[in-house]
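Chain A is the first sequence line, chain B the second, and so forth, proteins listed ahead of strands; every chain is numbered from 1. As a basis for the values below, the full set of heavy atoms in this structure was taken, side chains included, without hydrogen atoms, waters or symmetry mates.
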2 protein chains.
Amino acid sequence: MAITIVDVALKAGVSPSTVSRVISNDSRISQKTSKKVRKIMEELGYHPNMMAKSLVTKTTHNLGIILPRPAEELFRNQFFSEIIRGIVTKAASSGYDVLMTTGINADEEEAAVRRLVQGRVVDGIIMLSSRQDEHIISFLKDRNFPFVLVGRSEHHADIISVDNDNVAAAYDVTKKLLEQGHERIAFMSGPANLTVSKDRFSGYHKALLEAGFPLRNEYICEAGFTAESASQAAMDLMNLKNRPTAIITIDDVIAFGVIRTLWNNGMLVPEQCSVVGFNNTIMSEMCLPPIASVDIGIYQMGISAAHTLISTIKGEGYGQARIIVPHQLIWRESVSVPDASNVKTTG
Amino acid sequence: MAITIVDVALKAGVSPSTVSRVISNDSRISQKTSKKVRKIMEELGYHPNMMAKSLVTKTTHNLGIILPRPAEELFRNQFFSEIIRGIVTKAASSGYDVLMTTGINADEEEAAVRRLVQGRVVDGIIMLSSRQDEHIISFLKDRNFPFVLVGRSEHHADIISVDNDNVAAAYDVTKKLLEQGHERIAFMSGPANLTVSKDRFSGYHKALLEAGFPLRNEYICEAGFTAESASQAAMDLMNLKNRPTAIITIDDVIAFGVIRTLWNNGMLVPEQCSVVGFNNTIMSEMCLPPIASVDIGIYQMGISAAHTLISTIKGEGYGQARIIVPHQLIWRESVSVPDASNVKTTG
DNA sequence: ATTTTTTATGCAAACCTTTGCACAATGTTT
DNA sequence: AAACATTGTGCAAAGGTTTGCATAAAAAAT
């Protein structure tokens, strides 16, 4: 039988209420009593039962994370370890623990959320959105339950979210390539229906327009989630009469696939073609050549998400906000000024 | 005000006990009552308050994970996302959530553990040991609190742990290289004080002995945690009169560092020297050339750890066990049969 | 028709805290 | 010395479940 607050009270010759007040540093307790009680607590190795505490305070000091469903696939993407690291770090330093759960399918996922929310298991929830969780978002909103979305919701504008600006990031990358003299810049997305694909394409498009270059369909292509999936698209690009001098890819993995494909076919990066990735994963700095990429501040997003959620739980403002974490271009050897022989060709 | 079990009971015209029994599928409840109560629960959107439940059952259905302290550094290593993925997946499918916490320093870490254990926040704990947590292990053991260690404890033999066999893995790698005709095999560890460095070295040593080859000091060297740290050691090896025909490194990152260093100095892998990594991270399959590595089943370790912990919590056996997850050699292009011109040189 | 067994339900205590309110003791003002 | 303010503590209710035991109703056995 574990030792409780009344054991401490008895031994200290005070009431449980007093012990409770000592623990919460209630100003009304005298120095003397406080010291005495603390000593007994120490002696007995007392630690409050959090369940009992939560039951009365209606507070758990837990932050919930719903892991994206096909955990299998998505976890590979360094994204999740990075963001969770951010969340846990911030949470811990604010006195919160992080509770993770996941569901095998949409129904189970929703059940998990209900369990956490209605079962009062967590004080707030961070949704790692990579798909349509609109249903769950509605559920949380209806109940006015504290939550923040990492990413972007298409249907709900009036929620708290933490995200990066993919349009701006792609715009910056494209613009920088243009400044370096590249004129024939290709864009290789992931699966086209992903928001991130669309957003980054927009940025690319915008920069091109601004610089007065037309959008050329043969420079726009699509890969999947894997390096292999980039192969065909890469070769198609390089077989064009006016091959691009630079390729912007939507992810380091795809950039990797492109570089490997070119290499396998006797073409060097960046000599024959510059390649840019996204997300600045370990891979990008390790590759030969190291891949220029965009650090979209994933760790920082985790920190921000936890911070914002905790503020919301405590009722310190927010309530509605869209927090954008700044990105940063990381220029590496996979990019160079376009080769003279390539540059002069025009489309 | 949230809706409680008595709201349901009232509306269904039964007592709270009955509702409780309906929820837990108590066999004594009649079909009719059960159906009636379930309908009301549905209507009212009732969900039990887990805190209250935990308070009386002394059970939380939470698994705790203590994240290694310098979370910063270690998280980079894909290890943690993999293992957590395994843990969460298994936990979820067994009706458990996973609660993560961390401490900034040793004291905070211990405080966190006490909070979880004595505060009855979790039913069991998974320790991700990468350092001396002996103190915490003692604490858990003394209290007879369910926990499993991922890794190995030097001081405590009689605990449940999940690990891979690094000695055997390195032995297998070395043996395979010997079989391919390599005779001059170097070994590059990480920081030498790490258990993993020691174990893998043992395996290497053992295979060499068995094959009748002497241990040659100039072939044993040490790198750090990063690719850069491997540079000097790699060049030292290649500058030897009898340069090795193969290098076994303790981690893919180090293998990567070696490959890059050789490349920068005009040497090709595997033509000039074969290189083997460890851990089979994304990097190893993405590298040019892809790195032969050892899959030590990290995801599977997560699964096993969660599985074993849950069994222990439920009192289904275990109690003391050392579970070894099998490894698997993943042979890739960074290894080839030694070049004839290299082979004939002898030391 | 009575007793026994079985089946289905309810009562109330217990789990461990926190906290509003009342109260006692001490110190301060008139 | 009386009235008042201040300070420190305790009482008891509340929070939402589960569960051992008792009991009522129904079914089965005598």
Side-chain angles (χ1 to χ4, degrees), chain A residues 1-38 40-41 44-62 95 114-123, chain B residues 1-38 40-41 44-62 95 114-123:
Chain A
M1 187 87 307
I3 125 146
T4 76
I5 203 171
V6 349
D7 297 324
V8 176
L10 242 47
K11 185 153 181 187
V14 298
S15 75
S17 338
T18 301
V19 177
S20 173
R21 291 191 177 106
V22 167
I23 293 170
S24 59
N25 287 313
D26 189 309
S27 65
R28 292 178 305 172
I29 300 294
S30 70
Q31 280 291 322
K32 203 179 65 182
T33 311
S34 174
K35 192 170 283 179
K36 179 176 61 181
V37 171
R38 282 184 196 288
I40 305 281
M41 292 200 308
L44 262 41
Y46 168 73
H47 214 280
N49 180 317
M50 291 305 180
M51 296 304 124
K53 179 169 179 160
S54 291
L55 183 57
V56 28
T57 61
K58 295 179 183 310
T59 260
T60 63
H61 274 223
N62 287 163
R114 297 178 71 97
R115 189 165 43 75
L116 297 195
V117 172
Q118 305 195 312
R120 304 211 130 54
V121 179
V122 298
D123 294 347
Chain B
M1 186 87 309
I3 124 144
T4 76
I5 203 172
V6 348
D7 296 324
V8 176
L10 242 47
K11 184 152 183 189
V14 297
S15 75
S17 340
T18 301
V19 177
S20 172
R21 291 190 178 107
V22 167
I23 293 169
S24 58
N25 287 314
D26 189 308
S27 64
R28 294 179 304 174
I29 300 294
S30 71
Q31 282 291 323
K32 203 181 63 183
T33 312
S34 175
K35 193 169 282 181
K36 179 176 62 184
V37 171
R38 282 185 196 290
I40 305 282
M41 292 200 307
L44 262 42
Y46 168 73
H47 215 278
N49 179 317
M50 291 305 178
M51 298 302 123
K53 179 169 180 159
S54 291
L55 182 58
V56 26
T57 61
K58 295 178 183 308
T59 259
T60 63
H61 275 223
N62 286 163
R114 296 178 72 96
R115 189 164 43 75
L116 297 195
V117 172
Q118 306 195 310
R120 304 211 132 57
V121 179
V122 298
D123 295 347

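- For the pair B/M50 and B/H61, the minimum side-chain heavy-atom distance is 4.5 Å or more.
- Put simply, A/Y46 has no side-chain N or O that comes within less than 4.0 Å of OP1 or OP2 on C/dC16.
- Across the protein-nucleic acid pair, A/I29 atom CD1 and C/dT18 atom C1' stand 13 Å apart, rounded to whole Å.
- The phosphate of D/dG10 (OP1 or OP2) has a side-chain N or O of A/T18 nearer than 4.0 angstrom.
- In this structure, B/L10 places its CG atom 13 Å from P of D/dT17, rounding to the nearest Å.
- Under 4.0 angstrom from either OP1 or OP2 of D/dT18 there lies at least one side-chain N or O belonging to B/S20.
- Taking atom NE2 of residue B/H47 and atom P of nucleotide D/dT17, one finds them 11 Å apart after rounding to whole Å.
- OP1 and OP2 of D/dT19 both lie 4.0 Å or more from every side-chain N or O belonging to B/S17.
- D/dT9 atom C1' lies 9 Å from atom CZ of A/R28, rounded to whole Å.
- A close approach under 4.0 Å does not occur between any side-chain nitrogen or oxygen of A/K58 and OP1 or OP2 of D/dA14.
- Remark: C1' of D/dC11 and CD1 of A/I5 are 14 Å apart, rounded to the nearest angstrom.
- Minimum atom distance to the side chain of A/V14 is reached by D/dG10, of the listed C/dA8, D/dG10, C/dC16.
- The distance from atom CG of B/D26 to atom P of C/dA8 is 10 Å, rounded to the nearest whole Å.
- B/S15 and B/T18 share a donor-acceptor pair across their side chains, judged by distance under 3.5 Å alone.
- Proximity note for B/V56 (side chain, C-beta onward) versus D/dC11, D/dG15, D/dT17: the nearest is D/dT17.
- Within 3.5 Å, a donor on the side chain of A/R21 pairs with an acceptor on the base of C/dG20, or the reverse.
- Comparing atom distances between the B/S15 side chain and each of D/dG10, C/dC11, D/dC21 picks out C/dC11 as nearest.
- Side-chain proximity of B/T33 to the nucleotides C/dT9, D/dG16, C/dC21 is greatest for C/dT9.
- For the pair B/M51 CE and D/dT17 P, the interatomic distance rounds to 12 Å; values are reported in whole Å.
- No side-chain donor-acceptor contact under 3.5 Å links B/S20 to the backbone of B/P16.
- Atoms CG (A/L55) and C1' (D/dA14) sit 9 Å apart, rounded to a whole Å.
- Residues B/V56 and B/A52 come closest through the heavy atom pair CG1-O, 3.1 Å.
- In terms of heavy-atom proximity, A/R28 sits nearest to A/R21 at NH2-NE, 2.8 Å.
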